[in-house]
Amino acid sequence: MNLMYKSTRNASRKVTASEAILKGLAEDGGLFVPEVIPQLDVSMEELKEKSYQETAYIVMKQFFTDFTEEELKNCIKLAYDKKFDTEEIAPIVKVGKTYHLELFHGATIAFKDMALSILPHLLTTSAKKHHVTKDIVILTATSGDTGKAAMAGFQDVKGTRIIVFYPKGGVSPVQERQMVTQKGKNTAVVALHGNFDDAQSGVKTLFEDLELQEKLAQSGYQFSSANSINIGRLIPQVVYYVYAYAKLLNQQQIVNGEKINVTVPTGNFGNILAAYYAKEMGVPIHKLICASNDNKVLYDFFETGIYDKNRAFILTTSPSMDILVSSNLERLIHIISGQDAIKTRELMGQLKQRGVYEITSAMKEKLSDFIGGYATEKDTAKMIYDTYREVGYVMDPHTAVAAYVCQKCQEEQENSTKDLVVSTASPYKFLKSVMTAIDEKYCQMDEFDLIEELNKISDIPIPKAISEIKDAKVLHKRECDVKDMKKTVLNILEIEG
């Protein structure tokens with residue numbers, strides 16, 4: 001039986017997994033969701049002996065049912081290979097009383113590698129299945145990590161172009177250097193004069209621009225997305241939650257069936273939504289703890305049932321979470337509305353027009369799986385400092401936000417439920433913030449001079465991703481205003497406006 005996908009805003013038209021991956025975003029502006037979330041067909045006792053690649057196949061075959069076994073296994077083999085610097089792909093480390101799922105051992109040292117290593121292969125396989133002759137233009141907005149990971153994944157992949165917009169001044173120096181030094185004849189990076197929400201809404205507007213799509217088609221192109229709005233990006237993220245539970249079982253840290261809490265540093269809501277999908281598949285997860293930074297729009301939503309983006313946008317030391325419009329929340333809204341596409345469309349319309357919407361009391365009752373929490377900049381820095389001083393473990397600011405919120409929940413709940421914190425980036429990616437939190441003497445040092453200092457005080461080897469960019473040549477210098485995004489895309493693709 002094929003699992004079909006539908007838009008969150010229109011239930012009438014159904015597509016296969018490969019069609020949803022190719023399109024990225026539905027024509028009506030909605031996100032593709034599976035008609036049902038499938039159940040795991042392998043027990044945790046069996047899964048605990050499986051490799052990451054084997055687990056990936058077991059999970060993904062349930063969602064991507066129009067891929068053959070050979071096609072899917074080939075995508076997995078090409079994605080999860082020697083580009084990861086640990087054999088486990090996603091190792092679990094015990095830090096004090098909590099377990100950290102380290103998702104930053106890929107080519108660009110951030111969790112986005114976990115899904116963006118496989119998305120190019122899923123996309124090109126989907127294109128072959130549907131006899132696509134046009135070049136696929138991957139258009140994406142990034143708050144720091146998606147851009148580099150997507151470009152690394154799509155670099156020189158035949159039949160693809162990739163254009164990334166990032167907020168100028170809204171990413172770390174390392175994140176920016178990683179993007180602007182990216183090689184590949186098919187890659188383009190644009191610094192946007194605005195914040196991430198401007199970039200994300202601008203990209204969605206381009207996807208919905210029928211005139212632009214027609215121009216692209218006439219020139220032999222079609223759009224797709226590498227953001228987690230693409231179901232081909234979201235589903236691979238489910239894998240590591242299944243894998244993490246199985247590994248905790250394998251390491252005898254939990255007994256079979258024992259529930260765990262999962263804390264996720266959250267911006268665009270994709271990573272924690274993947275954890276929710278894993279729970280719905282049958283992974284014994286108790287609470288999904290949504291950790292926000294000072295841009296705590298999600299925390300307020302879980303507290304009140306009101307989503308309100310009408311607030312100051314705050315630049316923090318955890319820039320990948322500096323987001324006020326969490327796109328993937330739409331998929332959760334669709335679920336708690338009883339898969340009511342009309343209600344979902346209505347709420348998303350209110351968000352676009354007024355910047356705020358409120359869910360019903362019945363919908364709010366269905367959020368009981370989630371707990372919201374947030375960490376201030378002071379809380380985040382103190383968490384980095386305290387953890388390093390107490391156990392010698394160095395974490396990046398996004399992970400520190402999650403660790404702080406997890407700790408607060410532990411104190412408030414006073415139960416014996418074990419906690420898994422999702423560690424989303426290497427501390428090398430946010431050198432100044434991490435090192436200054438550990439000791440203020442590093443405040444005056446240049447970002448890239450801190451590479452050796454972090455290496456000295458920790459047992460973390462300098463990642464290849466960092467040593468590669470230190471003296472790399474800047475290849476991308478484009479900048480543009482929000483109003484000029486369409487013109488910029490046409491210019492990059494050498495299409496007349």
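No experiment lies behind these values; they were computed from the predicted model shown.
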Worksheet item: How about Y404 and T380: do any of their side-chain heavy atoms sit closer than 4.5 Å?
Response: no
Item to complete: Could you tell me if the ring centre of F111 sits under 6.0 Å from that of H398?
Response: no
Discussion item. What I'd like to find out is whether the side chain of K247 reaches to under 4.5 Å of the side chain of Q251, using heavy atoms alone.
Written reply: yes
Worksheet item: Can T316 and D294 be counted as having a side-chain donor-acceptor contact under 3.5 angstrom?
Response: no
Worksheet item: So, are D369 and K279 salt-bridged, with charged N and O less than 4.0 Å apart?
Response: yes
Item to complete: Starting at CD1 of I136, measure out to CD1 of I162 and round the result to the nearest 0.5 Å.
Response: 12.0 Å
Discussion item. For the aromatic rings, using the six-membered ring if either is Trp, is the centroid distance between Y241 and Y277 under 6.0 Å?
Written reply: no
Worksheet item: What distance separates L234 CG from I229 CD1, expressed to the nearest 0.5 Å?
Response: 11.5 Å
Worksheet item: Would you say the side chains of S327 and Q200 form a donor-acceptor pair under 3.5 Å?
Response: yes
Worksheet item: Between CG of L103 and CD1 of I92, what distance do you get to the nearest 0.5 Å?
Response: 9.5 Å
Worksheet item: Cationic tip of K470 within the cone over F448's six-membered ring, i.e. under 6.0 Å and within 45° of the normal?
Response: no
Fill in: Shortest non-hydrogen contact from F165 toward C480
CE2-SG, 3.9 Å
Discussion item. Can you tell me how far apart CG (L31) and NZ (K204) are? Round to the nearest 0.5 Å.
Written reply: 5.5 Å
Discussion item. Could you tell me if S18 and S126 have a donor-acceptor pair between their side chains, going purely by distance under 3.5 Å?
Written reply: no
Discussion item. Quiz question: by atom type and distance under 3.5 Å, do the side chains of K148 and Q182 form a donor-acceptor pair?
Written reply: yes
Fill in: Distance-only donor-acceptor check, side chains H105 and D85, under 3.5 Å
yes
Practice prompt. Look at the rings of Y243 and Y52 and say which category their plane angle falls in: under 30° parallel, 30 to 60° tilted, over 60° perpendicular.
Written response: perpendicular
Item to complete: Indicate yes or no: does D145 engage K429 in a salt bridge with an N to O separation below 4.0 Å.
Response: yes
Worksheet item: Does a donor on one side chain sit under 3.5 Å from an acceptor on the other, for Q155 and T187?
Response: no
Worksheet item: So, Y374 versus Y299, ring centres under 6.0 angstrom or not?
Response: yes
Response to the item:
When rounded to the nearest 0.5 Å, the distance separating CD1 of I323 from CZ of F269 is 12.5 Å
Practice prompt. Classify the side-chain pair N295/D322 by whether it contains a donor and acceptor separated by less than 3.5 Å.
Written response: yes
Worksheet item: Would K83 and D113 pass as an ion pair if we require N to O under 4.0 Å?
Response: no
Discussion item. Just so I know, are the side chains of D419 and K97 near enough to count as touching, which here means a heavy-atom distance under 4.5 Å?
Written reply: no
Worksheet item: Who passes salt bridge (charged side-chain N to carboxylate O under 4.0 Å, His left out) against K259, sequence neighbours left out?
Response: none
Worksheet item: Within a reach of under 6.0 Å around CZ of F302, are more than 12 heavy atoms found that belong to other residues, nucleotides or ligands?
Response: yes
Worksheet item: Rounded to the nearest 0.5 Å, how far does CD of E88 lie from CG of L101?
Response: 11.0 Å
Worksheet item: How close do V33 and R331 get, heavy atom to heavy atom, and via which atoms?
Response: CG1-CG, 3.6 Å
